[in-house]
*Asks:* 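Dropping the structure in here first, questions after.
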Amino acid sequence: MKKIRAILENLDAVISGVSLTIVVCITLAGVVMRKVMGQPFAWLEEMQLFFFIWTIFFGGSVAFRTGGQVSIDLIANRLKPKARRVLDMFDYIATVLILLYLCKGGYDLMMSVSGKVTPYFKISYTFIDMAAPIGIVLMILQYTLMIVKEFKGSWKMSDDSAKKGDESL
Amino acid sequence: GCGNTDEKEGKSSAPESAKGEYVLKLCTEQTDGDPIDEGCDKWAELVKEATDGAVTIEVYPSSQLGAKADLIEMAMMGQNICTIADGSYLMDYVSDFGVVMGPYLFEDWDDMYKITASDWWEKQSEALVQEGLQIISTNWIYGERELMTKKEIQSLDDLKGLKIRVPNNDISIAMFNMLGGAATPLALNEVYTSLSQGVVDGVENPLTTLYNNDFQEVCKNVTMTNHQMTFSNFIVGADYWNTIPEEYQKAIIECGEEAAKYNNELYAKQSEEMVAALEEAGCKVVNLDDSIQEEFKNACLQLYKDYEADGTWTKGLYQEIQDIIAK
Amino acid sequence: MSPIAAAAIVMLLLLFLNVPVFASVLGGCIAYFFANPDAGITGVLAIQRVISGMQSTTMLAIPFFVAAGALMNYCGITERMLNFCKVLTGRMYGGLGQVNIVLSTLMGGMSGSSLADAAMEAKLLVPDMEKAGYSKGYASAITAASSMITPLIPPGIAAIIYGSITGTSIGKLFVAGIVPAIILCVTMMTIVSKYSRKKGIPRLREEKIESKELWKAFKPAVLPLLLPVIIIGSIRLGICTPTEAGAVAIFYALFLGIVYREIRLENMFVCVKETAVTTASIMLIVGAATCFSWILTWENVPQNMTKVLISLCHNKYIFLFAVNIFLLIVGMFIEATAAQIVLAPMLVPVAIAFGIDPVHFGMVFIFNMAIGSLTPPMGNLMFVTCGVTKCSTEEFIKECRVFYVMLFGMLLLMSYVPLLSTWLPNLIYGV
Ligand code: NA
Ligand code: NA
């Protein structure tokens with residue numbers, strides 16, 4: 001269990017971080033190629049968008065773990081711990097249902113676009129859109145681990161600071 | 001000037017206009033006021049009349065409901081969406097359709113009418129239905145594509161090595177490389193700055209598009225290459241189409257033909273004025289000699305051979321099309 | 001109930017119940033699909049719209065500027081700017097309060113996000129401000145309110161989103177914020193100075209600042225201060241797009257880190273991760289809001305709303321006033337990014353029809369939505385600041401009142417004096 005979690009925790013952050021780094025580097029290389037060499041990369045845009053999507057969906061999973069998802073806790077913060085638990089459980093179920101619905105959609109989309117390819121490298125859109133269902137599954141897993149932790153009471157920090165708990169890569 | 005069917009009471013422009021039993025959402029990339037957009041409005045009006053309001057066509061210009069590829073996906077999922085698509089898009093589903101986007105395929109627009117009326121077109125359309133897409137209107141002229149460059153072009157030699165912006169599709173890229181240029185695919189909205197900064201040396205499109213994007217401010221030479229004569233089709237998802245009763249289907253198709261004619265008239269009128277407008281903006285418009293035009297054409301014909309050789313298109317496709325046109 | 005109403009109600013309900021914003025908005029979309037089964041719209045379409053909202057090279061500027069902003073903290077840039085601000089405002093009443101405001105303005109040239117700015121300063125400055133005699137509430141209020149200046153100085157994430165969805169020049173939007181930002185900065189400094197005199201908060205120093213000392217503090221801040229000039233200049237000269245300017249900003253920050261010898265590999269990892277998380281949370285909201293906005297278009301809501309607005313408002317002054325009130329109310333309840341994506345495509349065409357410059361309207365829109373992040377019930381800026389300083393929201397709101405009045409006044413000024421937002425862009429870009 002611990003090992004699996006450790007792998008999961010690093011997997012999303014690593015994929016998202018590497019994708020982001022690639023986007024930054026190819027964008028800057030693109031400026032140099034265009035301005036200095038006068039030879040723009042024909043593949044720049046498709047690669048930027050490819051890695052951007054992967055950054056977002058895997059970063060979304062990290063955001064669930066680190067409390068980086070924006071939410072409105074105005075009412076939640078005023079609740080007594082018990083009521084707060086009930087609300088947290090409700091939020092968890094509602095979010096997971098929404099994510100499952102999307103995940104199914106993402107899977108169907110991924111399967112339906114296998115014939116569509118990017119203009120330059122002819123990469124199937126399956127590989128681009130794949131980030132969505134996989135990222136969403138990871139989001140659900142991360143959220144579940146968080147809720148399990150909270151309900152086990154093993155979370156030492158208060159609910160509030162848990163939201164902003166810092167983790168290292 | 002045919003819009004006075006329902007405008008008797010002053011309230012007719014109220015937001016809640018009654019919707020028909022069947023609603024078809026007609027999506028284009030053109031902006032409000034473009035001939036194709038006007039043609040779509042015409043189509044909506046005609047269909048409303050012809051079906052007594054049972055079928056409503058809602059027009060969405062400027063890609064409001066999404067990019068073309070996304071719209072085609074939606075249509076295939078069963079949405080009541082109709083989107084504009086030319087051969088290079090249909091090619092993703094039935095590859096032989098791409099040939100109508102090929103260079104120097106037609107001499108004039110009559111050839112387009114011959115092709116879309118042919119058995120060959122019928123056969124391709126049926127294959128497209130098998131893929132889940134139905135063409136409900138064709139023959140919408142998009143335009144003769146011409147070349148606009150910074151330096152004057154009188155021959156193939158002048159074009160050698162020039163970076164020409166082309167749309168991001170295989171045919172356009174291959175064609176301009178064959179002409180000796182360096183085809184550079186870019187989004188249309190980046191072309192103006194790219195031209196002014198020297199990222200590209202030229203751009204190709206129908207004159208109206210070139211003019212409406214103000215490229216004449218940065219490029220002063222227009223060469224009437226006529227390298228492609230492109231037209232658009234409107235496609236819907238076959239599943240959705242089959243839910244519409246046959247009489248309404250017929251009405252939509254017939255009104256679509258009318259609307260296409262309307263678009264073509266508007267286009268012809270606009271493009272006539274375009275040469276003068278470009279000259280007034282300080283452009284030099286070059287008409288190529290027949291012999292040079294022939295050289296351009298011959299340089300491009302390799303494309304058909306390559307595509308047939310690598311199996312993208314059926315063997316003998318180019319000849320088949322030429323036979324249809326020759327009839 | 002109409003499917004659209006169902007969607008809106010479900011979305012608001014989920015938002016208030018602390019469901020993540022992107023999931024709430026998508027929940028609203030899904031409610032629409034279920035309430036409108038005839039349309040046959042499915043999850044495939046939802047995710048397709050979400051992804052299409054994210055597939056924009058312009059939006060790529062967001063992670064770039066977020067990363068550049070985060071790097072500032074790890075490359076010793078924030079520290080040097082802080083020292084410079086301390087010297088600069090040393091003899092003003094209010095001490096660290098003034099530093100707080102000036103730092104937000106100067107750091108605005110690197111950070112595109114008010115949240116990041118507020119979080120950093122709440123951590124860095126508020127404890128010392130309390131020691132100097134500020135109440136926790138007032139110190140938090142200054143921190144949050146002055147952070148609203150940050151996104152007005154180029155780069156600003158809101159300007160990127162607005163420009164990208166409405167097709168307005170991002171370069172011009174960047175420049176348009178500078179004059180309002182300076183006015184805000186000066187006004188806030190005046191307010192803080194008055195408050196400090198009343199409360200007897202001392203100046204940081206009594207002795208005069210020698211020009212030599214000022215120069216010594218200024219020198220290390222010169223290179224960071226150049227960044228906004230580089231961004232604006234390279235966009236204006238056509239060397240790069242706003243997106244590419246973001247990538248340039250990252251490498252500039254890294255370059256500074258090397259010059260200052262403060263770059264550490266482990267910090268880089270943290271920075272990449274922070275950026276990925278911030279980007280993901282913003283872009284998931286962007287994607288969800290794109291889907292919601294698509295549903296509205298599908299239902300012809302923008303088209304109908306445009307007609308209604310044009311028939312109700314007889315001139316642009318009434319229109320601007322009505323829009324401001326409407327946006328202030330919306331901004332109080334809905335997260336700014338989501339509201340912007342849904343509403344801007346509806347309102348901008350109307351504004352243009354009334355003859356309002358889209359850059360001017362953009363600044364009013366962006367600033368208006370930013371005010372909502374400072375007010376209850378749903379104010380991100382308020383929550384982030386109070387979260388770090390452990391200030392109660394009641395106290396925060398009480399101390400923020402003077403700033404609310406000032407911001408509202410500034411909003412009216414920006415609405416009715418277009419020159420504030422159009423003069424500089426027209427000067428730099430030509431009319
Ligand atoms: Na900024
Ligand atoms: Na501040």
Side-chain angles (χ1 to χ4, degrees), chain B residues 10-19 21-27 31-32 41 44 56-81 168 186-200 217-218 237 239-240 242-243, chain C residues 2 33 36-58 163-167 169 171 234-244 290-291 293-312 345-346 349 352-353:
Chain B
K11 270 190 153 186
S12 65
S13 62
E16 274 311 298
S17 56
K19 273 188 197 174
E21 217 178 317
Y22 297 94
V23 178
L24 191 59
K25 293 176 187 267
L26 202 61
C27 310
T31 47
D32 213 354
D41 289 342
T56 304
I57 290 186
E58 288 175 354
V59 183
Y60 290 86
S62 312
S63 304
Q64 280 176 5
L65 284 181
K68 190 149 49 186
D70 289 347
L71 290 168
I72 294 179
E73 266 170 38
M74 288 179 209
M76 292 178 86
M77 285 174 217
Q79 296 300 315
N80 50 335
I81 277 183
N168 207 343
L186 278 177
L188 192 64
N189 59 14
E190 286 171 22
V191 175
Y192 186 95
T193 21
S194 303
L195 281 168
S196 51
Q197 292 166 23
V199 175
V200 290
E217 292 171 9
V218 276
D239 288 344
Y240 174 73
N242 292 331
T243 64
Chain C
S2 83
F33 301 154
N36 193 10
D38 294 345
I41 305 175
T42 57
V44 193
L45 195 133
I47 197 80
Q48 190 215 48
R49 293 293 86 206
V50 170
I51 292 179
S52 83
M54 297 166 172
Q55 289 213 313
S56 142
T57 35
T58 329
S164 136
I165 52 177
T166 64
S169 151
S234 60
I235 298 175
R236 172 65 188 91
L237 295 176
I239 296 170
C240 48
T241 64
T243 306
E244 292 163 344
T290 309
C291 184
S293 174
W294 184 86
I295 290 175
L296 293 179
T297 313
W298 180 263
E299 288 277 334
N300 293 313
V301 175
Q303 295 89 323
N304 293 338
M305 201 171 120
T306 307
K307 283 184 198 157
V308 171
L309 272 176
I310 290 178
S311 67
L312 284 182
M346 300 193 200
I352 293 173

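Values in this document were obtained by computation on a predicted structure and should not be read as measured data. So you know, we letter chains A, B, ... as the sequences are listed, proteins then strands, and number each from 1.
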*Asks:* Where do C:Arg49 and B:Asp70 land on the side chain to side chain contact (heavy atoms under 4.5 Å, CB included) test, with the steps shown first?
*Replies:* CA-CA 8 Å; C:Arg49 293 293 86 206; B:Asp70 289 347; 2.9 Å; yes
*Asks:* For a quick test of reading the model, state the closest non-hydrogen atom pair linking C:Trp298 to B:Tyr60 and the distance between them.
*Replies:* O-OH, 3.2 Å
*Asks:* Output the option from B:Val23, B:Leu65, B:Asn80 having the highest count of non-hydrogen pairs under 4.5 Å with chain C.
*Replies:* B:Leu65
*Asks:* Quick check for you: to the nearest 0.5 Å, what is the distance between B:Met77 atom CE and C:Leu45 atom CG?
*Replies:* 5.5 Å
*Asks:* Working to the nearest 0.5 angstrom, can you tell me the gap between B:Lys25 NZ and C:Asn300 CG?
*Replies:* 5.0 Å
*Asks:* So do the side chains of C:Gln303 and B:Gln64 get within less than 4.5 Å of each other, counting heavy atoms only?
*Replies:* yes
